[in-house]
Amino acid sequence: MSAYRWKSFDENEDRPAKPRRFGVTEMRSPHYTLFSHNLLQDIFESMGDYVDGLKFSGGSHSLMPKATIKQVIDMAHQHDVYVSTGDWAEHMIRKGPSGFKEYVEECKQLGFDTIELNVGSLGIPEETLLRFVRLVKSGGLKAKPHFEVKFNESDIPKGGDRAYGAYIPPAPRSFEFVEDVDLLIRRAERCLEAGADMIMIDADDVSKHADNMRADIVAKIIGRLGLEKTMFEASNQKTSEWFIKQYGPKVNLFIDHSHVVDVECLRGRNLGRNHASVLGSSYFLF
């Protein structure tokens, strides 16, 4: 059967077999899509070699019985897939100082491997964020702070021809954009220094407008934090394709479950750029 496989990690030095430190693909679990036990198992059995992590998005695990959560986590571990909590920690800190510590302990008991800390949703001082990172690490779990890069249309340079030296009135900006990015990077660096294992970047707004000269922001983030320590949330296939074209198969991506096949085809250079002509759309699988 192996003769029919289109990809071998032994032949691809840019992206080794699991467990991987780079070229990681983390997959979205219940939230936007209603998962069944059999569907999740089918994904792991058919594409498990290409899925590194499973993330419970939007606090979806808070709606499930603990027995179901444990069953899903155990299934993922059987296929060498780590499991992340997603951004739910912000709801725990409302219980007081002990609430977050209890949350970490419960996540460990259920079998979670990674706790994600959504910096924007938490709304806490930087020192408190660093203390949470250390608390997650001391509990024996991995910490993944989640940062977001956002800007409005007014922040995108306007194209079009103009006469040399013509005056262009400055467009008002809704965010102190450059300062925000520098601050984001510095806070992410401090999280890594405190022991964070990886930084999640929600950069959809940046990658959507990559053709409008905003690719420099992603380059700046990667240049400072490193490709291995950064994961980008790619909400659609166009975003995933842009990241892989720019940074190759080593880039870490968080994607929807329905994009696993297509993203892996993009990572696999031996299928060429027009991978749809080889496999077609992956949506029929799910």
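In what follows, every heavy atom counts, from backbone to side chain, and hydrogens, waters and symmetry copies are set aside.
Lys70 is linked by a salt bridge (charged side-chain N to carboxylate O under 4.0 Å, His left out) to Asp74, counting only residues two or more places apart in sequence or in another chain. Here Phe147 pairs with nothing under the ring pair (Phe, Tyr, Trp, His ring centres under 6.0 Å) rule; sequence neighbours left out. Residues satisfying the salt bridge (charged side-chain N to carboxylate O under 4.0 Å, His left out) criterion with Lys229, sequence neighbours excluded, are absent altogether.
Side-chain atoms of Met231 and Lys144, non-hydrogen and from C-beta on, do get closer than 4.5 Å to each other.
Under a hydrophobic clustering in which Ile, Leu, Val, Met, Phe, Trp and Tyr are joined whenever their side-chain heavy atoms come within less than 4.5 Å, directly or via other members, Phe22 and Val24 fall into different clusters. One hydrophobic cluster, built from ILVMFWY side chains closer than 4.5 Å, cannot hold both Ile255 and Tyr82; they sit in different ones.
The pair Arg21-Glu228 counts as a salt bridge, with a side-chain nitrogen and a carboxylate oxygen less than 4.0 angstrom apart. Ion pairing between Glu241 and Lys245 holds under the 4.0 Å rule for side-chain N and carboxylate O. Using a 4.0 Å cut-off between charged nitrogen and carboxylate oxygen, Glu106 and Lys101 do not count as a salt-bridge pair. At a threshold of 4.0 Å, the pair Glu193-Arg186 counts as salt-bridged, since one of the basic side-chain nitrogens sits closer than that to a carboxylate oxygen.
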Discussion item. For a side chain to side chain contact (heavy atoms under 4.5 Å, CB included) check, start with the C-alpha distance between Thr128 and Leu130, then their side-chain angles and the critical distance, and finish with the verdict.
Written reply: CA-CA 5 Å; Thr128 304; Leu130 298 178; over 6 Å; no
Practice prompt. For side chain to side chain contact (heavy atoms under 4.5 Å, CB included), just list the numbers for Leu225 and Glu189, CA-CA rounded to whole Å, side-chain angles, deciding distance to a tenth of an Å, and then say yes or no.
Written response: CA-CA 7 Å; Leu225 303 181; Glu189 287 175 333; 3.6 Å; yes
Worksheet item: Taking it one step at a time, do His257 and Arg28 satisfy side chain to side chain contact (heavy atoms under 4.5 Å, CB included)?
Response: CA-CA 6 Å; His257 73 279; Arg28 179 182 288 115; 5.9 Å; no
Practice prompt. Take Leu122 and Leu117 through the test side chain to side chain contact (heavy atoms under 4.5 Å, CB included) and record every step on the way to the result.
Written response: CA-CA 7 Å; Leu122 283 170; Leu117 303 170; 3.9 Å; yes
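Listed for the Asp256 side chain is no donor-acceptor partner under 3.5 Å among the backbone atoms of His259. Distance alone, capped at 3.5 Å, places no donor-acceptor pair between the Asp202 side chain and the Glu233 backbone. Here the side chain of Ser121 pairs no donor or acceptor atom with the backbone of Asn118 at under 3.5 angstrom. Between the side chain of Thr230 and the backbone N or O of Gly226, at least one donor-acceptor pair lies under 3.5 Å. Listed for the Lys18 side chain is a donor-acceptor partner under 3.5 Å among the backbone atoms of Gly48. Remark: the backbone N or O of Gly139 is paired with a side-chain donor or acceptor of Lys108 at under 3.5 angstrom. At least one donor-acceptor pair closer than 3.5 Å links the side chain of Arg20 to the backbone N or O of Pro16.
None of Ile221, Ile222, Asp216 except one satisfies the side-chain contact (heavy atoms from CB on, under 4.5 Å) rule with Val218; the exception is Ile222. For the side-chain contact (heavy atoms from CB on, under 4.5 Å) criterion with Val119, the lone passing option out of Met200, Glu148, Arg187 is Arg187.
For Lys137, the NZ atom counts as densely surrounded, since its 6.0 Å shell holds more than 12 non-hydrogen atoms of other residues, nucleotides or ligands.
A side-chain N or O of Thr25 and one of Arg267 form a donor-acceptor pair less than 3.5 Å apart. A donor-acceptor contact under 3.5 angstrom links the side chains of Glu45 and Gln41, judged on distance only. Between the side chains of Asp49 and His79, no donor N or O sits under 3.5 Å from an acceptor N or O.
Of all heavy-atom pairs between Ala188 and Ile199, the closest is O-CD1, 3.8 Å. Among all heavy-atom pairs drawn from Val133 and Ala196, the shortest one is CG1-N, 3.6 Å.
Under the 6.0 Å cut-off for aromatic ring centres, Phe132 and Phe100 qualify, their centroids lying closer than that.
Between Phe112 and Phe56, the two ring planes are perpendicular [angle over 60°; tilted spans 30° to 60°].
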